[in-house]
Number of protein chains: 2
Amino acid sequence: MDVKHVGLREIKKRMTRDAIAAAALKLAEQKGLNEVTVEEIAREAFVSPRTISNYFASKEEAVLAAGDLGIEKVLDEFSSRPSDEPPLRALRELLSDYAREHPDHLRGASKMTRLEQLNPTLRPHRIAREVEMVEMLSARVAARTGTSVTSDLYPSVVASAAMTAMITSLAIWSREELSDESLPRLIEDAFNMMTAGYPMTRQEPRTTDAPVETSSP
Amino acid sequence: MDVKHVGLREIKKRMTRDAIAAAALKLAEQKGLNEVTVEEIAREAFVSPRTISNYFASKEEAVLAAGDLGIEKVLDEFSSRPSDEPPLRALRELLSDYAREHPDHLRGASKMTRLEQLNPTLRPHRIAREVEMVEMLSARVAARTGTSVTSDLYPSVVASAAMTAMITSLAIWSREELSDESLPRLIEDAFNMMTAGYPMTRQEPRTTDAPVETSSP
DNA sequence: TGCTAGATTGCGGGACATGCAAAAATCCCG
DNA sequence: CGGGATTTTTGCATGTCCCGCAATCTAGCA
């Protein structure tokens with residue numbers, strides 16, 4: 001009586017939800033989110049405007065739902081790792097692996113970043129979602145290390161570092177239009193930088209202003 | 001012709017702005033932000049509702065403006081430091097000093113955290129402001145170290161780490177209702193944890209659950 | 001098939017953000 | 001000191017949005 005019986009109900013619910021999100025994203029990409037009304041989204045998704053309000057608190061959240069990172073799984077994998085392993089090492093592995101295995105998904109998520117620059121209204125909501133992730137991750141880190149989220153710095157600081165590694169890697173990867181293979185490297189670099197205590201990088205020869213190579217093969 | 005002539009105009013502008021923010025904060029503390037209309041805020045601040053829209057894009061931003069961290073100055077001080085000093089060391093000094101010298105101001109900012117838990121609508125906006133700070137700081141770090149915000153991980157990662165140190169310290173300091181003197185220590189601890197490469201802290205004796213000492217001298 | 005719980009819809013009200021133009025306040029220079 | 005120029009404040013009107021409520025429709029199950 002809990003999460004059992006994934007009946008047609010739940011399925012259809014998720015379908016309409018996805019339909020709404022997809023419609024919102026599509027229209028936002030076409031015209032810019034400000035020029036899109038919920039009524040249009042409703043038509044595009046074959047639902048009533050009222051229904052949209054039932055699923056999302058705002059247009060923004062609808063759009064955001066379409067470009068989700070899908071990292072929840074990573075969280076679970078993290079928890080089922082040997083707990084004597086340093087959290088940041090585990091997260092480095094998990095996140096770079098994730099980037100290796102789902103580049104397409106992350107391409108989608110980075111499209112969202114573009115959209116965001118075009119529609120500033122999206123920013124607050126997207127960032128809020130990130131912070132939610134950080135909080136969930138903090139809880140797991142705390143559980144793993146026997147520390148407290150409310151009174152110890154450690155879990156939040158570590159979780160935030162991991163998310164930062166992911167996000168800034170994604171940002172650079174997207175801005176520079178790099179290849180799929182380079183994202184995992186970026187993520188690992190970011191984590192390494194952190195676990196090395198943020199050494200001042202007297203510019204490495206390549207990163208400064210000369211592009212690695214032309215990105216297209 | 002730039003920032004000169006701080007005429008009566010500019011002064012009054014800032015005054016009304018502050019008045020609006022203060023009014024919004026006061027009412028939000030009383031009734032919860034959702035139960036407060038812009039019209040009420042307008043009455044409380046002796047302005048027209050329309051004027052509020054001239055200054056802030058939403059109620060939320062008005063409230064937020066009242067609990068600002070006021071770290072802009074720190075940014076400037078950061079830029080005028082010897083640039084051979086590692087950024088995180090400089091920021092550790094600057095931010096812990098800031099906490100030492102303006103605990104009252106930070107108390108105010110931490111009140112905002114409480115309000116936020118009561119009014120979830122505030123979260124996105126507040127976090128967005130934090131990210132703005134990170135971006136400004138990233139730019140300064142980049143300028144300092146000769147790296148690029150758009151193509152190097154370093155500046156964003158460092159800036160984000162610093163802001164994380166500040167924010168999580170504030171959060172714990174506020175939740176645990178610690179003394180004024182313990183905030184700078186927390187901040188320094190956070191930075192030290194980072195520059196030490198996030199060692200797994202098998203709980204240090206004091207931070208876990210025993211308060212440092214009674215806060216009153 | 002028929003009953004029940006859950007989902008969708010329509011309607012209506014309250015609130016907000018924004019453009020525009022008029023009115024008030026401030027500034028600057030003669 | 002005074003009057004024109006500039007900026008800020010204000011009122012009004014419009015379009016949109018969010019949400020509560022009640023009615024309708026649909027899936028689930030006996």
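Source: prediction; values computed, not measured.
- At C:dT8, one or more side-chain N or O atoms of A:Tyr55 fall inside 4.0 Å of OP1 or OP2 (strictly under the cut-off).
- Annotation: salt bridge (Lys or Arg N to Asp or Glu O under 4.0 Å) contacts of B:Glu44 (sequence neighbours excluded): B:Lys26.
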Report all side-chain donor-acceptor pairs from residues 167-174 of chain A shorter than 3.5 Å, counting only partners two or more places apart or in another chain.
{"from": "A:Thr168", "atom 1": "OG1", "to": "A:Thr164", "atom 2": "O", "distance (Å)": "3.0"}
{"from": "A:Ser169", "atom 1": "OG", "to": "A:Ala165", "atom 2": "O", "distance (Å)": "2.6"}
{"from": "A:Trp173", "atom 1": "NE1", "to": "A:Ser179", "atom 2": "O", "distance (Å)": "2.9"}

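- Contacts with DNA chain D (heavy atom under 4.0 Å) in residues 14-44 of chain B: B:Thr16, listed by number.
- Between the CG atom in A:Leu115 and the CG atom in A:Leu25 there is a gap of 6.0 Å [rounded to 0.5 Å].
- The distance between atom NZ of A:Lys12 and atom C1' of D:dG28, rounded to the nearest whole Å, is 13 Å.
- Applying the side-chain hydrogen bond (donor to acceptor under 3.5 Å, both in side chains) criterion to A:Glu101, with sequence neighbours excluded, gives no partner residue.
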Would you list the protein and nucleotides 9-11 of chain C atom pairs, both N or O, that sit under 3.5 Å from each other?
{"from": "C:dT9", "atom 1": "OP2", "to": "A:Ser48", "atom 2": "N", "distance (Å)": "2.8"}
{"from": "C:dT9", "atom 1": "OP2", "to": "A:Thr51", "atom 2": "OG1", "distance (Å)": "2.3"}
{"from": "C:dG10", "atom 1": "O6", "to": "A:Arg50", "atom 2": "NE", "distance (Å)": "3.3"}

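- Of the residues in residues 56-66 of chain B, those with a non-hydrogen atom less than 4.0 angstrom from any atom of DNA chain C are B:Ala57, B:Ser58, B:Lys59.
- Taking the salt bridge (Lys or Arg N to Asp or Glu O under 4.0 Å) definition, one finds that B:Glu40 meets it with B:Lys31, sequence neighbours left out.
- With sequence neighbours excluded, the residues that form a salt bridge (Lys or Arg N to Asp or Glu O under 4.0 Å) with A:Asp76 are A:Arg140.
- Among pairs with a residue in residues 153-162 of chain A, none fulfils salt bridge (Lys or Arg N to Asp or Glu O under 4.0 Å), at least two apart in sequence or across chains.
- For B:His102, the ring pair (Phe, Tyr, Trp, His ring centres under 6.0 Å) partners are B:Tyr98, not counting sequence neighbours.
- Applying the ring pair (Phe, Tyr, Trp, His ring centres under 6.0 Å) test to every pair with at least one member in residues 42-76 of chain B, sequence neighbours left out, gives no pairs at all.
- Residues satisfying the salt bridge (Lys or Arg N to Asp or Glu O under 4.0 Å) criterion with A:Arg50, sequence neighbours excluded, are absent altogether.
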